[in-house]
**Student:** 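Take a look at the following structure, please.
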Protein chains: 2
Amino acid sequence: MLSQTTFPVSTSTIRDPHVRALLAQSKPGSVTFFPTDSVIYAQGDQAGPLYLVEFGTIRICRLTADGRRQVNSFHFAGDVFGFEAGDEHQSYAESVDGAGIRVLRAVDGSGFAEKLLGLALRGLARVQEHLLLLGRMNANEKMAAFILDLLQRQDADDVVMLPMQRNDIADYLGLTFETVSRVLRVLKDRRIILLPSVDRIEVLDADALAEVN
Amino acid sequence: MLSQTTFPVSTSTIRDPHVRALLAQSKPGSVTFFPTDSVIYAQGDQAGPLYLVEFGTIRICRLTADGRRQVNSFHFAGDVFGFEAGDEHQSYAESVDGAGIRVLRAVDGSGFAEKLLGLALRGLARVQEHLLLLGRMNANEKMAAFILDLLQRQDADDVVMLPMQRNDIADYLGLTFETVSRVLRVLKDRRIILLPSVDRIEVLDADALAEVN
DNA sequence: CGACCAATTGAATTGATTCAAGGTCCGTGG
DNA sequence: CCACGGACCTTGAATCAATTCAATTGGTCG
């Protein structure tokens, strides 16, 4: 009963030491494919398992009572997501662009908590960074910070792929999709970026991005 | 060498099971008093110890390069703060109103990580909640949510004490202090709250608060 | 090709900020 | 005890950044 998908093929390609450590302590399940916009878990679902992104992009979101959406985070290949405080998810996870997800289950008796703590603390740091962005940055600064974050996470030094659409970016940055569009135009007009296609940004001047008004 | 302040007097009065569990696994130091606006730890300081608030209020903040401030959280008596991802604090902690802080150090060999994980995950949940507030709520909603949060955390059902000043609230909610002032006036005019003094809110209609436009 | 969905762009509006002027509170010293 | 000074808070008026509403363009897929 050995199938390819149950074998932890991804382990060797994971860079992040926290994730590597976690993988070593867990029993990876098979990879499941989630088509664009499909739900990985819903708000209110039982929490518990962790998820490893094998490929593709997922978004973690919350809704207000009247349906406004905040995208808390995006996760790419190699990222682990799904840990929650209580036994219920207060946010929901969706595939952005068709993503392969592997479920991770803790191996009994191992120091799983230590490994998970490292990831949780880093998640906390990320989110706190995002508080500063949402609370104290203007539209241009938000977009610039987003592009720089993607540059770094995609390990590229000038081309950023945008697997998510304007609406997702807007809900991540606390803007409207029209504003996202306009800000990109401003950055283009200032010769800081190029927009060769709708899902691709070429960064001409990363320093300028970091100093956008 | 037994002094009153080194004895963990607070343990018995702590409600939060996560904090109780953590206290049981740690060696509480003595209580230090931090006067108003004094720094508990600075950005860039070595991280490591955890801190338990004995009395008073503290704020956790971050600054942008040009000095804008985001208050990430407030902590009151019984709250634990100070955990960070790396070995350096990326935010700084200050006393808001004169606070007593006890340092907690892990006892060797105990399951400290498990205990800390619970707290970290809850912190994560809190911060994610705050993302929704900063990203998708208007000024009135932000203020209403803040008051309701304080109501709950102060375990009161109609009177909220505001140990922090307008500026702190503004930087917590991603507003200016003038807007905070104006929003409070709006809520007063709508007969949802009373403002018997500058550091005190009486909630007349908590349901209305939860439904503020 | 036509239909549909996403993205862009423009114009008008608005919510929050900025700038400016008072007001309140509180501690200190005459 | 009261006057003064300073810090914080409130309120008003003008401004501005971002949103809303509306139209158009672009891209993709049957």
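Here the structure is a predicted model, which means the values were calculated and not measured. Throughout, protein chains are lettered first and strands after them, A, B, ... in sequence-line order, and every chain is numbered starting at 1.
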**Student:** Below 4.0 angstrom, N of the basic side chain to O of the carboxylate: do A:Arg69 and A:Asp168 qualify?
**Tutor:**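 Salt bridge between A:Arg69 and A:Asp168, a charged N being under 4.0 Å from a carboxylate O: yes.
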
**Student:** Under 4.0 Å, heavy atoms only, any strand: does B:Arg182 hit a base, just the sugar-phosphate, or nothing?
**Tutor:**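 Base: the residue B:Arg182, judged by heavy atoms under 4.0 Å, touches a nucleobase.
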
**Student:** When the ring planes of B:Phe146 and B:Phe74 are compared, do they come out parallel, tilted or perpendicular, using 30° and 60° as the limits?
**Tutor:**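 The arrangement is tilted - the two ring planes meet at 30° to 60°.
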
**Student:** Provide the closest heavy-atom pair for B:His89 versus B:Ala42 in the form atom of the first, atom of the second, distance.
**Tutor:**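 That would be CB-O, 3.7 Å.
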
**Student:** Hey, which of A:Phe83, A:Tyr51, A:Tyr92 is the one that makes ring pair (Phe, Tyr, Trp, His ring centres under 6.0 Å) with A:Tyr41?
**Tutor:**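 Answer after filtering A:Phe83, A:Tyr51, A:Tyr92: A:Tyr51.
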
**Student:** Using a strict 4.0 Å threshold on nitrogen-to-oxygen distance, state whether B:Asp16 and B:Arg122 make a salt bridge.
**Tutor:**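 Looking at B:Asp16 and B:Arg122, the cut-off is met.
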
**Student:** What orientation do B:His75 and B:Phe81 show, parallel under 30°, tilted 30 to 60°, or perpendicular over 60°?
**Tutor:**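 B:His75 vs B:Phe81 ring planes: parallel.
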
**Student:** Indicate whether any N or O donor in one side chain lies under 3.5 Å from an N or O acceptor in the other, for A:Thr64 and A:Gln70.
**Tutor:**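 Distance-only check fails for A:Thr64 and A:Gln70.
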
**Student:** On DNA chain C, which is the earliest and which the latest nucleotide, 5' to 3', with an atom closer than 4.0 Å to a heavy atom of chain B?
**Tutor:**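 Endpoints of the contacted stretch of DNA chain C: C:dA16 to C:dC19.
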
**Student:** Mind checking which nucleotides bracket the chain A contacts on DNA chain D, 5' to 3', with an atom under 4.0 Å from a heavy atom?
**Tutor:**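 So the outermost contacting nucleotides come out as D:dA18 to D:dC21.
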
**Student:** Mind running a 4.0 Å heavy-atom check of residues 55-65 of chain A against DNA chain C and sending the residues that fall below it, in number order?
**Tutor:**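 Of all residues in residues 55-65 of chain A, none places a heavy atom under 4.0 Å from DNA chain C.
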
**Student:** Listed by chain and number, what are the side-chain hydrogen bond (donor to acceptor under 3.5 Å, both in side chains) partners of A:Asp37, not counting sequence neighbours?
**Tutor:**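 Once residues adjacent in sequence are excluded, the partners of A:Asp37 under the side-chain hydrogen bond (donor to acceptor under 3.5 Å, both in side chains) criterion are A:Arg59.
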
**Student:** Does the B:Arg136 side chain pair with the main chain of A:Arg68, one donor and one acceptor, at a distance under 3.5 Å?
**Tutor:**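 Between the backbone of A:Arg68 and the side chain of B:Arg136 there is no qualifying donor-acceptor contact (under 3.5 Å).
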
**Student:** Using heavy-atom distances to pick each residue's nearest nucleotide on DNA chain C, tell me which of A:Lys188 and A:Arg136 is more 5'.
**Tutor:**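 Nearest-nucleotide comparison on DNA chain C picks A:Lys188.
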
**Student:** To the nearest 10 degrees, how far apart in direction are the end axes of the helix from C:dC1-D:dG30 to C:dG30-D:dC1, each fit to five base pairs?
**Tutor:**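 The angle separating the two end axes equals 30°.
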
**Student:** Tell me which pairs pass ring pair (Phe, Tyr, Trp, His ring centres under 6.0 Å) where either residue lies in residues 192-213 of chain A, with sequence neighbours left out.
**Tutor:**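 The answer is none; no pair qualifies.
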
**Student:** Using a heavy-atom cut-off of 4.0 Å across all strands, would you classify B:Leu175 as base, sugar-phosphate, or nothing?
**Tutor:**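 If one applies the 4.0 Å heavy-atom cut-off, B:Leu175 turns out to touch the sugar-phosphate alone, with no base involved.
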
